[in-house]
S.K.: 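Sharing a structure with you now.
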Amino acid sequence: MNHRKRKWISSLVISICLLAIAIASYLSHINYELQENSSNLAKKDNSYGSVMNTDNKKQLYSGKDVLILVPHEDDEVLLCGGMIEEYIHYGSVVTIAFMTNGDYDGTADIRFQEAKKVAHQYGIDDSHIILFGYGDQYRDASGDINSLGSIYTAKPDEVVMSHIGNTATYGSDGLQPYRNESYTRNHLQQDIADYIKEAKPDTIFVSDYDNHPDHRTLSMIFEKAMGDVLKSNQNYQPQIYKGFCYFGGWNGDYDFYEGDQLLSVQYGGTNMLDDPVYLWKDRIRFPLCETAVTRNLVANSTYQALSTYASQNATDHAIEAMDSDQIFWQRRSDNELLGAVVHATSSNPEVLNDFQLFDTDALLQTGLLPQDSANQGLWQPDANDDKKTVTMTLPEEKPVRYLDLYDSVSLTDNILNAKITLDQGQVIETGPLDKTGAKTEIDLKKNYPVKEITIQILSFEGTPGCMEVEAYSSKKQKTSDIVKLTDVNGNFLYDAAVSADHTLDLKVYDSQSDTNTVEDIASTYDVELKDCAKGSVKIDKNIIHLSCNNTEKGVLLLKKKGSDTVVDAISVRGRLSWLDKLDRKVIKHLQNNWSAK
């Protein structure tokens with residue numbers, strides 16, 4: 001055997017040995033992570049989890065009574081994965097409620113079993129799993145299985161047939177439906193309203209107008225039900241958050257592991273927001289449990305929860321669903337006008353304070369909301385009404401500073417100017433309302449005692465209409481402030497790696513700030529870098545400059561100014577380990593396979 005051949009064989013043997021060592025180490029790494037996390041998805045990751053139990057997270061996630069209301073079994077993971085773990089860890093009570101049995105293919109038993117297993121992994125027992133027991137999609141009035149209908153567009157008391165042929169609620173696998181009754185729109189709305197009245201959760205998460213008939217039904221019928229609940233008891237003012245299971249979730253981008261930092265939900269690209277009334281800048285971002293932001297895919301608690309939903313092949317969408325935050329839009333429950341008596345010179349003004357932003361019968365159409373069809377929930381004064389005026393009278397005088405008006409979502413039917421008159425004589429003109437249907441906020445500059453508000457449409461284009469009017473004494477509903485360290489692109493950070501020049505610039509996200517960014521960090525916070533002897537940190541207005549040697553690993557603490565209260569903490573290191581880099585290569589390979597399906 002010649003020298004060149006011996007050298008080649010020797011190199012091959014060494015390479016095989018190194019590869020075997022790498023694979024063994026990697027599998028050991030995975031096995032350790034799985035053992036740490038498989039019994040309870042809320043268990044903390046020992047690698048850097050202890051630093052993340054901050055005072056801000058405790059304030060945000062502890063002592064709450066949480067309701068997660070979703071259409072199907074697996075949507076709870078898409079909507080709130082990474083948050084459920086935190087609520088449970090900090091001692092909150094979490095209830096997961098499913099509108100449908102997920103029985104489109106007749107697999108309700110399987111999906112119930114999967115849902116129970118996931119709930120148990122999160123630390124949620126059967127008493128906090130609610131089945132409303134309705135069907136997964138419906139047939140139309142003909143009863144033909146190939147003709148898609150909707151419980152939402154049916155007459156209020158019309159009994160409809162689900163896709164698999166059921167007409168009444170049912171349960172399985174030891175779980176009974178909330179009520180035994182026929183499939184009607186009124187029953188569904190009343191069930192949701194009555195459950196919330198009974199349970200009185202202080203925090204509610206609900207899926208919004210995703211591109212799916214059941215998701216759209218839940219989004220709109222929840223708002224109808226919630227309007228009934230809030231009107232019946234104005235002292236009940238829960239925190240209400242609506243988010244998307246498809247946008248940023250099932251149909252999200254394959255971007256979580258793209259760079260050295262784990263990426264947050266991004267806007268744009270292939271998936272756009274399905275509900276035009278929400279502005280991206282108004283989103284509220286929740287930080288996640290460290291088990292949901294691991295660099296090892298199979299050890300990630302969101303991946304593990306989705307893998308339990310094997311009937312849905314949910315892991316094919318795991319990377320799409322995984323982000324370093326969960327995003328929601330808050331629907332305020334403290335609107336003073338919910339209790340107002342409403343009169344108008346024409347048409348149906350009662351829709352202006354019913355909590356529902358838009359209403360459409362076009363929920364079976366695929367794609368984004370057809371903006372010329374969402375007119376059922378509008379106050380549209382008659383064409384021959386030359387006054388076009390609505391008056392909203394409160395039961396008693398209330399302080400009001402902010403008025404939020406929601407124009408029609410139609411881009412061709414818009415209010416160009418309206419006059420608002422308060423009963424104390426103040427007059428304000430609105431100018432053009434937002435054409436997309438997003439809120440137009442009118443700041444009165446100070447709180448006025450108000451018992452009556454009159455709104456008159458002065459100029460318009462097309463057929464003018466208004467979806468909702470809200471009145472508040474404060475700009476934002478009182479809630480826990482969310483503060484999080486981010487990179488300069490806004491990605492939430494947990495386990496940050498510095499760049500090739502050993503530096504990393506950071507910002508601070510603040511949910512209560514008008515810009516969602518702390519503009520003068522040093523006036524509000526102190527920063528401390530621990531365990532990095534050769535590292536340094538300094539603040540320059542709204543930027544934190546961090547440096548760290550590539551062999552070091554430490555912790556960056558964000559503290560309230562002049563105190564030991566830790567608002568946020570992240571792990572920092574000079575470079576990713578070879579195991580992290582190997583993880584990323586494996587994930588990239590899986591990602592390419594999944595995206596090709």
Side-chain angles (χ1 to χ4, degrees), residues 223-237 240 277 331-359 375-382 385-409 413-434 437-460 463-477:
E223 291 189 359
K224 287 182 179 294
M226 201 68 222
D228 294 341
V229 172
L230 297 175
K231 282 174 174 287
S232 68
N233 181 3
Q234 286 192 264
N235 292 320
Y236 176 54
Q237 297 181 352
I240 302 172
V277 303
R331 289 300 319 279
R332 294 183 65 166
S333 60
D334 58 338
N335 176 15
E336 300 290 3
L337 296 178
L338 286 169
V341 176
V342 188
H343 297 284
T345 51
S346 65
S347 193
N348 55 333
E350 66 276 1
V351 299
L352 290 173
N353 67 336
D354 65 353
F355 190 75
Q356 186 172 14
L357 286 184
F358 67 81
D359 196 356
N375 53 12
Q376 291 94 321
L378 287 173
W379 170 58
Q380 286 185 312
D382 297 343
D385 180 356
D386 59 356
K387 293 183 178 179
K388 293 182 173 56
T389 300
V390 62
T391 300
M392 310 182 80
T393 305
L394 295 162
E396 60 186 28
E397 205 171 67
K398 295 286 186 178
V400 173
R401 172 172 174 175
Y402 297 96
L403 290 169
D404 292 345
L405 281 71
Y406 294 82
D407 193 24
S408 161
V409 297
D413 301 309
N414 302 292
I415 297 173
L416 301 180
N417 195 20
K419 181 174 69 174
I420 300 174
T421 305
L422 308 183
D423 54 349
Q424 301 290 325
Q426 296 84 5
V427 178
I428 308 100
E429 291 194 10
T430 65
L433 302 190
D434 191 305
K439 75 177 180 183
T440 298
E441 182 182 85
I442 308 298
D443 184 357
L444 304 178
K445 305 303 181 185
K446 69 174 185 177
N447 273 306
Y448 288 97
V450 172
K451 185 171 173 48
E452 188 172 274
I453 298 173
T454 300
I455 302 172
Q456 181 181 16
I457 299 174
L458 299 178
S459 60
F460 56 90
T463 304
C466 186
M467 294 189 292
E468 199 80 2
V469 181
E470 300 169 343
Y472 305 106
S473 60
S474 61
K475 190 174 180 67
K476 297 187 178 184
Q477 186 171 358

S.K.: Please check if the side chain of Asn353 supplies one atom and the backbone of Val342 the other of a donor-acceptor pair under 3.5 Å.
M.R.: no
S.K.: CE of Met226 to OH of Tyr236: how many Å apart, nearest 0.5 Å?
M.R.: 5.0 Å
S.K.: Check step by step if side chain to side chain contact (heavy atoms under 4.5 Å, CB included) holds for Asp359 and Glu223.
M.R.: CA-CA 10 Å; Asp359 196 356; Glu223 291 189 359; over 6 Å; no
S.K.: If the condition is side-chain contact (heavy atoms from CB on, under 4.5 Å), which residues does Glu397 pass it with, not counting sequence neighbours?
M.R.: Gln424, Pro449
S.K.: Could you tell me whether the side chain of Gln456 and the main chain of Lys387 form a donor-acceptor pair under 3.5 Å?
M.R.: yes
S.K.: Would you compute the distance between atom CG of Leu403 and atom CG of Leu337 and round it to the nearest 0.5 angstrom?
M.R.: 7.0 Å
S.K.: Take Glu452 and Thr421, measure what side chain to side chain contact (heavy atoms under 4.5 Å, CB included) needs, and give me the verdict at the end.
M.R.: CA-CA 8 Å; Glu452 188 172 274; Thr421 305; over 6 Å; no
S.K.: Is the side chain of Glu441 donor-acceptor paired with the backbone N or O of Tyr402 at a distance under 3.5 Å, no angle test?
M.R.: no
S.K.: Quick one: closest heavy-atom pair of Phe355 and Gly227, and the distance?
M.R.: CB-CA, 3.7 Å
S.K.: Going from CD1 on Ile442 to CG on Leu444, what distance comes out if it is rounded to the nearest 0.5 angstrom?
M.R.: 8.0 Å
S.K.: To the closest 0.5 Å, what do you measure between CG (Leu352) and CD1 (Ile453)?
M.R.: 11.5 Å
S.K.: Assess the residue pair Thr440 and Asp434 against the criterion (side chain to side chain contact (heavy atoms under 4.5 Å, CB included)); give the C-alpha distance rounded to whole Å, side-chain angles, the decisive distance to 0.1 Å, and a yes or no.
M.R.: CA-CA 6 Å; Thr440 298; Asp434 191 305; 3.7 Å; yes
S.K.: How far apart are the closest heavy atoms of Asn335 and Ala471, and which atoms are they?
M.R.: OD1-N, 2.9 Å
S.K.: If you look at every heavy atom in Lys388 and Pro464, which pair is closest and at what distance?
M.R.: CE-CG, 4.4 Å
S.K.: Do you know which two heavy atoms are closest between Ser346 and Pro381, and how far apart they sit?
M.R.: OG-CA, 3.3 Å
S.K.: Is there a donor-acceptor pair under 3.5 Å between the side chain of Thr430 and the backbone N or O of Ala418?
M.R.: yes
S.K.: Can you tell me if NZ on Lys231 sees more than 12 non-hydrogen neighbours from other groups inside 6.0 Å?
M.R.: yes
S.K.: Could you check if a side-chain atom of Val400 sits within less than 4.5 angstrom of a side-chain atom of Tyr472, using non-hydrogen atoms only?
M.R.: no
S.K.: If I take atom CG from residue Asn233 and atom CG from residue Leu338, how far apart are they, to the nearest 0.5 angstrom?
M.R.: 11.5 Å
S.K.: Roughly how far, to the nearest 0.5 Å, is the CD atom of Gln234 from the CG atom of Asp334?
M.R.: 10.5 Å
S.K.: Quick one: do Leu433 and Asn414 satisfy side chain to side chain contact (heavy atoms under 4.5 Å, CB included)? Show the steps, please.
M.R.: CA-CA 7 Å; Leu433 302 190; Asn414 302 292; over 6 Å; no
S.K.: Give a yes or no answer on whether the side chain of Asn348 reaches the backbone of Glu350 with a donor-acceptor pair at less than 3.5 Å.
M.R.: no
S.K.: Which pair of non-hydrogen atoms, one from Val277 and one from Met467, has the smallest distance, and what is that distance?
M.R.: CG1-CE, 3.7 Å
S.K.: Is it true that a side-chain atom of Thr345 and a backbone atom of Thr389 form a donor plus acceptor pair closer than 3.5 Å?
M.R.: yes
S.K.: Between the side chains of Lys439 and Glu470, is the shortest nitrogen-to-carboxylate-oxygen separation below 4.0 Å, so that they form an ion pair?
M.R.: no
S.K.: Using 4.0 Å as the upper bound for N to carboxylate O, is an ion pair formed by Arg401 and Asp443?
M.R.: yes
S.K.: Which heavy atom in His343 sits nearest to a heavy atom in Pro349, and how many Å separate them?
M.R.: C-CG, 4.1 Å
S.K.: Using only heavy-atom distances, determine whether the side chains of Asn447 and Ser473 contain a donor-acceptor pair under 3.5 Å.
M.R.: no
S.K.: Is there a side-chain contact between Leu405 and Ile420, using heavy atoms and a 4.5 Å cut-off?
M.R.: yes
S.K.: Evaluate the side-chain proximity of Ile457 to Trp379: yes if any heavy-atom separation is below 4.5 Å, no if none is.
M.R.: yes
S.K.: Would you mind reporting whether Val450 and Lys398 have side-chain heavy atoms less than 4.5 Å apart?
M.R.: no
S.K.: Please evaluate residues Asn417 and Glu429 with respect to the criterion side-chain hydrogen bond (donor to acceptor under 3.5 Å, both in side chains), reporting the C-alpha separation (whole Å), side-chain torsions for both, the decisive distance (0.1 Å), and the verdict.
M.R.: CA-CA 7 Å; Asn417 195 20; Glu429 291 194 10; 2.8 Å; yes
S.K.: Ignoring hydrogens and geometry beyond distance, is a side-chain donor-acceptor pair present between Gln380 and Thr463 at under 3.5 Å?
M.R.: no
S.K.: Any non-hydrogen side-chain atom of Gln237 less than 4.5 Å from a side-chain atom of Leu230?
M.R.: no
